[in-house]
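Computation of the quantities below employed the complete heavy-atom set of this structure, encompassing side-chain atoms and omitting hydrogens, waters and symmetry-equivalent molecules. Chain letters run A, B, ... following the sequence lines, proteins first and then strands; every chain starts at 1.
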2 protein chains.
Amino acid sequence: MKILLVYAHPEPRSLNGALRDFAIAHLQAAGHEVQLSDLYAMGWKATLDAADAPHLAPGERFDAVVDSQRAYAQGTQPADIATEQAKLLRADVLILQFPLWWFSLPAILKGWVERVYACGFAYGVGEHSDNHWGDRYGEGTLAGKRAMLVVTCGGWESHYSDRGINGGLDDILFPIQHGILFYPGFSVLPPLPVYRTSRIDAAGFERLCQAYGARLDGLATDAPLPFRRQNGGDYEIPALTLRPELAPGRTGLGVHLREE
Amino acid sequence: MKILLVYAHPEPRSLNGALRDFAIAHLQAAGHEVQLSDLYAMGWKATLDAADAPHLAPGERFDAVVDSQRAYAQGTQPADIATEQAKLLRADVLILQFPLWWFSLPAILKGWVERVYACGFAYGVGEHSDNHWGDRYGEGTLAGKRAMLVVTCGGWESHYSDRGINGGLDDILFPIQHGILFYPGFSVLPPLPVYRTSRIDAAGFERLCQAYGARLDGLATDAPLPFRRQNGGDYEIPALTLRPELAPGRTGLGVHLREE
């Protein structure tokens, strides 16, 4: 398979750097092709702005949606954006590896999403009708591909448990796994979280690599999270609320997973 | 009062730009002092990296936690970071205004959090003991201040409802309202969401300003979201899980709100 690893950590001599190197070596040893986007090493431009719309005249009004769509359609996007889109189209599997900073993606990785996910590429795709609200949440440009998060956390596992103070990890990651990965079509594998990163010794790192290796070996076969497809009949259109007979009376982010 | 408005939108001639101008004028007319951090206009550096730790020798290993703590304690932080910290300390109320991009903060605003929230300032504060796990989630450097999100969304309100496909807005915003604002001590007021931004005409903008004005008039008096304080007895320490007798049997992010 072809694996795209998008990696966001500022220090290569870190746990994250070691995990990155482990993953690349493990995947290559299994015969896979690995492409690495090391955002800090690339000096990735984090901020989406008018410079990403070179078709605009100086001082012309910038619209993030309209202008990303136009630059994408015209082929006038900055080269760094077009290159990352081509990597996504080529890949069978996307891995996002990052430290959980303030319960979300590091800014540099969030900015990778904002700039690479052009309108017409990752959103604004497909027709809108009475039973179809665009190709998204299970359909879209990246449908048929798989994605997985590898997330390092300073805190304890219990702090991210169902009733842990930080919020359950599944809920904290919902805007990423559902909103960024499932939205443009990825099937999303369960994440690989790493907790208490400052306390991982050599033996702990060895155990972690065994667990990560098993997950890498299962990239093609592990069952994805059962997010409900938007246009599969589970949601009213255009309200896009879950039909009342599904997960009746329940609320919370878990309702968007099929009960299996 | 002293209001700090941190604003993240790339185009001043936009709905967000108009809302920013409305808020400043409304607050000033009411006698408040307004400080604006217009991140795009400031060319805010979004990416936290070794350049933010000028005490490091060239090529020395960078640790985001250790080095932000050291730079903060030594007073050797970059001037842009120290300036924003001083604005936060001076303010009575913080407003974060931004478009919801991919269900979270724009990268430039996420990077403001990552760089300004130094260890020793916004986290890593207070003692750890058997009944106290640092000054956070209701205690901390910014305790006694209030904060509010003003969030523009392209989608419909129903898409962000309790059973809407994007996830309920309260849940989507939990990592920001609870994880970024409540964590270092802010009391968090309910957000002001704006939906279907591309469809707002002159009359709609007028209604929006009336609603926003009412919220600005209530900054000092509106009831904050009743997030549970970490060290107030509701959580087991050090597991930091909600005590079983509170919201018994329930999970989901809503359990972290007191039942009133």
Side-chain angles (χ1 to χ4, degrees), chain A residues 10-11 13-14 40 44 46-50 61-65 99 101-108 110-111 113-114 117 137 154-156 158-159 161-168 171-172 174-176 178-180 183 198 228 230 235 238-242 247 250-256, chain B residues 10-11 13-14 40 44 46-50 61-65 99 101-108 110-111 113-114 117 137 154-156 158-159 161-168 171-172 174-176 178-180 183 198 228 230 235 238-242 247 250-256:
Chain A
E11 176 53 64
R13 294 158 294 182
S14 61
Y40 273 95
W44 180 259
T47 300
L48 171 64
D49 58 20
R61 187 177 184 281
F62 172 63
D63 182 304
V65 176
W101 282 352
W102 296 105
F103 310 103
S104 188
L105 301 176
I108 198 171
K110 181 67 188 340
V113 174
E114 290 168 9
Y117 271 29
Y137 290 126
W156 300 20
S158 63
H159 303 176
S161 64
D162 270 356
R163 290 165 56 88
I165 194 165
N166 292 340
D171 287 340
I172 295 294
F174 183 88
I176 306 169
H178 185 266
I180 290 175
Y183 188 107
S198 67
R228 298 177 188 274
Q230 175 185 272
Y235 296 92
L240 297 184
T241 50
L242 191 62
R250 286 176 51 211
T251 58
L253 299 173
V255 302
H256 301 291
Chain B
E11 175 54 63
R13 293 158 294 182
S14 61
Y40 273 95
W44 180 261
T47 300
L48 171 64
D49 59 20
R61 187 177 183 282
F62 172 64
D63 182 304
V65 176
W101 283 353
W102 296 105
F103 310 103
S104 187
L105 301 176
I108 197 170
K110 181 68 187 343
V113 173
E114 289 169 11
Y117 271 29
Y137 289 126
W156 299 21
S158 63
H159 304 177
S161 65
D162 270 355
R163 291 166 55 90
I165 195 165
N166 292 339
D171 287 339
I172 295 293
F174 184 88
I176 306 169
H178 185 266
I180 290 175
Y183 187 107
S198 68
R228 299 176 188 273
Q230 175 184 272
Y235 295 93
L240 298 183
T241 49
L242 191 62
R250 286 176 49 211
T251 58
L253 300 172
V255 303
H256 301 291

Checklist outcome for this item: Honestly, the part of A:Phe62 sitting under 4.5 Å from a heavy atom of chain B is both

Next on the checklist: Taking A:Gly164's backbone N and O only, do any of them form a donor-acceptor pair with B:His256's side chain (distance below 3.5 Å, no angle check)?
Outcome noted: yes

Item to check | Which of A:Val255, A:Ile180, A:Val65 touches chain B most, by non-hydrogen pairs under 4.5 Å | outcome: A:Ile180

Checklist outcome for this item: Taken to the nearest 0.5 Å, the spacing of A:Leu242 CG from B:Asp162 CG works out to 11.5 Å

Next on the checklist: Can you list everything that forms a ring-ring contact (aromatic ring centres under 6.0 Å, His included) with A:Tyr183? Sequence neighbours excluded, please.
Outcome noted: A:Tyr137, B:Trp102

Next on the checklist: Can you tell me which of A:Pro106, A:Gly154, A:Gly155, A:Ser198 forms the most heavy-atom pairs within a distance under 4.5 Å of chain B?
Outcome noted: A:Pro106

Checklist entry - Which answer fits B:Pro238, side chain, backbone, both or neither, if we ask what part of it has an atom under 4.5 Å from a heavy atom of chain A? => result both

Item to check | Any donor-acceptor N/O pair, A:Arg61 side chain to B:Arg13 backbone, under 3.5 Å | outcome: yes

Next on the checklist: Contact between B:Asp63 and A:Glu11 at the side-chain level, heavy atoms closer than 4.5 Å - yes or no?
Outcome noted: no

Item to check | Part of B:Ala64 lying under 4.5 Å from any heavy atom of chain A | outcome: side chain

Item to check | Closest contact, heavy atoms only, A:Thr241 versus B:Ser158 | outcome: CG2-O, 3.6 Å

Checklist entry - Is a side-chain donor or acceptor of A:Arg163 paired with a backbone partner of B:Ala247 at a separation under 3.5 angstrom? => result yes

Item to check | Donor-acceptor under 3.5 Å (B:Glu114 side chain, A:Ala107 main chain) | outcome: yes

Next on the checklist: I'd like to check A:Asp49 versus B:Tyr40 (side-chain heavy atoms, cut-off strictly below 4.5 Å). Are they in contact?
Outcome noted: yes

Item to check | Residues which pass ring-ring contact (aromatic ring centres under 6.0 Å, His included) with A:Trp156, listed by chain and number, not counting sequence neighbours | outcome: A:His159, B:Trp133

Checklist outcome for this item: Value for CZ (B:Arg228) from CD1 (A:Ile165), rounded to nearest 0.5 Å, stands at 10.0 Å

Item to check | Most chain A-contacting option - heavy-atom pairs closer than 4.5 Å, from B:Val113, B:Leu240, B:Ile172 | outcome: B:Leu240

Item to check | Pick from A:Trp44, A:Phe174, A:Tyr117 with the largest number of heavy-atom pairs that fall under 4.5 Å of chain B | outcome: A:Tyr117

Item to check | Which of A:Gly252, A:Ala239, A:Gly179 touches chain B most, by non-hydrogen pairs under 4.5 Å | outcome: A:Ala239

Item to check | OG1 on B:Thr47 to NZ on A:Lys110, rounded to 0.5 Å | outcome: 13.0 Å

Checklist entry - How far does CD1 of B:Ile108 sit from CG of A:Leu48, to the nearest 0.5 angstrom? => result 10.0 Å

Checklist entry - Got B:Ile176 and A:Phe103 here, is their nearest side-chain heavy-atom distance under 4.5 Å? => result no

Item to check | Which atoms of A:Pro99 approach chain B - backbone, side chain, both or neither, heavy atom under 4.5 Å | outcome: neither

Checklist outcome for this item: So, the part of B:Ser161 with a heavy atom under 4.5 Å from chain A: the answer is side chain

